[in-house]
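Below is one structure, written out as structure tokens, with a few remarks after it.
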Amino acid sequence: MKKKEDHELLIYNKNFLDAWRNAFNGIKHGITSQINIRIQIVVGILMILLGVYFGLSKIEWICLMFSIFLVLLAEMVNTAIEATVDLCTSEYHPKAKIAKDVAAGSVVISVLNAVVLGIFLFGDKVVLFIINLIR
């Protein structure tokens, strides 16, 4: 019986469960290797706690959760693109720089979206909270 090569085991999933296992391994790798992902998870948890405290509506929860997951998704894709580029070349190449910069830019856009959404969701609530504290 021929043994599969190591690279074949890494590329192909034998079944649905293996696909999920590999996906969770990717999430685990992102969390354990990328400080930005850990920071974004902490910020996301803080926003969820603020949402609980301020009693967000269902539609506000949908927007908040979508925004949190969009930031994490962009960061994971950025990590994957950076790893792929690093695998392809260790030398400077203008197109490698473009790939990495555009991937990082997608993270910035998703974070800016989250900030704007946070202002819409929490801005008036935080201002009222501060006003009530001062009184």
Side-chain angles (χ1 to χ4, degrees):
M1 182 157 81
K2 185 177 178 182
K3 181 183 172 196
K4 284 191 174 186
E5 298 294 325
D6 287 340
H7 69 278
E8 289 176 348
L9 294 175
L10 294 174
I11 295 174
Y12 301 107
N13 298 310
K14 290 185 281 185
N15 55 47
F16 185 73
L17 185 60
D18 281 350
W20 276 85
R21 188 177 298 115
N22 289 334
F24 281 105
N25 285 339
I27 294 168
K28 179 181 172 185
H29 174 78
I31 292 169
T32 58
S33 70
Q34 302 297 312
I35 185 71
N36 288 341
I37 292 176
R38 292 192 299 272
I39 291 168
Q40 291 157 350
I41 288 171
V42 168
V43 170
I45 290 169
L46 291 174
M47 294 302 103
I48 290 169
L49 293 174
L50 271 179
V52 169
Y53 180 79
F54 287 121
L56 296 182
S57 69
K58 285 183 183 180
I59 192 72
E60 289 172 326
W61 274 114
I62 291 168
C63 293
L64 178 64
M65 297 309 294
F66 183 79
S67 184
I68 290 169
F69 281 100
L70 180 64
V71 170
L72 294 172
L73 170 70
E75 190 64 60
M76 296 289 288
V77 170
N78 179 48
T79 299
I81 289 171
E82 286 184 353
T84 303
V85 169
D86 290 345
L87 178 65
C88 293
T89 183
S90 60
E91 298 174 14
Y92 175 82
H93 192 284
K95 290 192 177 189
K97 179 178 179 2
I98 290 169
K100 287 185 167 192
D101 289 352
V102 170
S106 71
V107 175
V108 170
I109 289 171
S110 69
V111 168
L112 289 174
N113 172 72
V115 168
V116 170
L117 179 77
I119 291 168
F120 281 117
L121 289 180
F122 298 115
D124 58 339
K125 294 171 176 66
V126 170
V127 168
L128 287 174
F129 178 78
I130 293 170
I131 289 171
N132 287 331
L133 278 179
I134 295 172
R135 288 185 187 171

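Keep in mind that this is a model prediction, so the values were computed, not measured.
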query: Can you name the nearest heavy-atom pair linking G44 to I68, along with the distance?
result: O-CD1, 3.6 Å
- prompt: Distance-only, no hydrogens or angles: does the S67 side chain make a donor-acceptor pair with backbone N or O of C63 under 3.5 Å?
  reply: no
field: Criterion side-chain contact (heavy atoms from CB on, under 4.5 Å) on W61 and V52, from CA distance to verdict
entry: CA-CA 9 Å; W61 274 114; V52 169; 3.9 Å; yes
L117 side, atom CG; L64 side, atom CG - distance, nearest 0.5 Å: 6.5 Å
- line: Residues K95 and H93: closest non-hydrogen pair is N-ND1, 3.0 Å
query: Are side-chain heavy atoms of L50 and L46 found at a separation under 4.5 Å?
result: no
field: Side-chain (S110) to main-chain (V107) donor-acceptor, under 3.5 angstrom
entry: yes
query: Is V42 reachable from I27 through a run of I, L, V, M, F, W or Y residues, each pair having side-chain heavy atoms under 4.5 Å apart?
result: yes
query: For R38, which residues count as a salt bridge (Lys or Arg N to Asp or Glu O under 4.0 Å) partner, sequence neighbours excluded?
result: none
- request: Rounded to the nearest 0.5 Å, what's the gap from CD1 on I31 to CG on L72? Could you check?
  value: 8.0 Å
- request: Give a yes or no on whether the backbone of D18 and the side-chain of N22 come within a donor-acceptor separation of less than 3.5 Å.
  value: yes
Only pairs under 3.5 Å count here: list side-chain donor-acceptor contacts from residues 98-106, not counting sequence neighbours, and write none if there are none.
unit_1	atom_1	unit_2	atom_2	d
K100	NZ	D86	OD1	2.6
D101	OD2	K97	NZ	2.5
S106	OG	A103	O	2.5

query: In this structure, are over 12 heavy atoms from other groups packed under 6.0 Å from W20 atom CH2?
result: no
message: Treating N13 as the side-chain partner and N15 as the backbone partner, does any N or O pair qualify as donor plus acceptor under 3.5 Å?
response: no
Pair Q40-E75, side-chain donor/acceptor within less than 3.5 Å: yes
- request: Rounded to the nearest 0.5 Å, what's the gap from CD1 on I37 to NE2 on H29? Could you check?
  value: 8.0 Å
field: Closest non-hydrogen atom pair, V71 against A114
entry: CG2-CB, 3.9 Å
- prompt: Which pair of non-hydrogen atoms, one from Q34 and one from T79, has the smallest distance, and what is that distance?
  reply: CG-OG1, 3.6 Å
Residues, nucleotides or ligands: over 12 heavy atoms within 6.0 Å of F24 CZ: no
Donor-acceptor contacts, no H, no angles, side chain residues 122-135, under 3.5 Å, sequence neighbours left out:
unit_1	atom_1	unit_2	atom_2	d
K125	NZ	E60	OE2	3.3
K125	NZ	L121	O	3.2
N132	ND2	L128	O	3.2

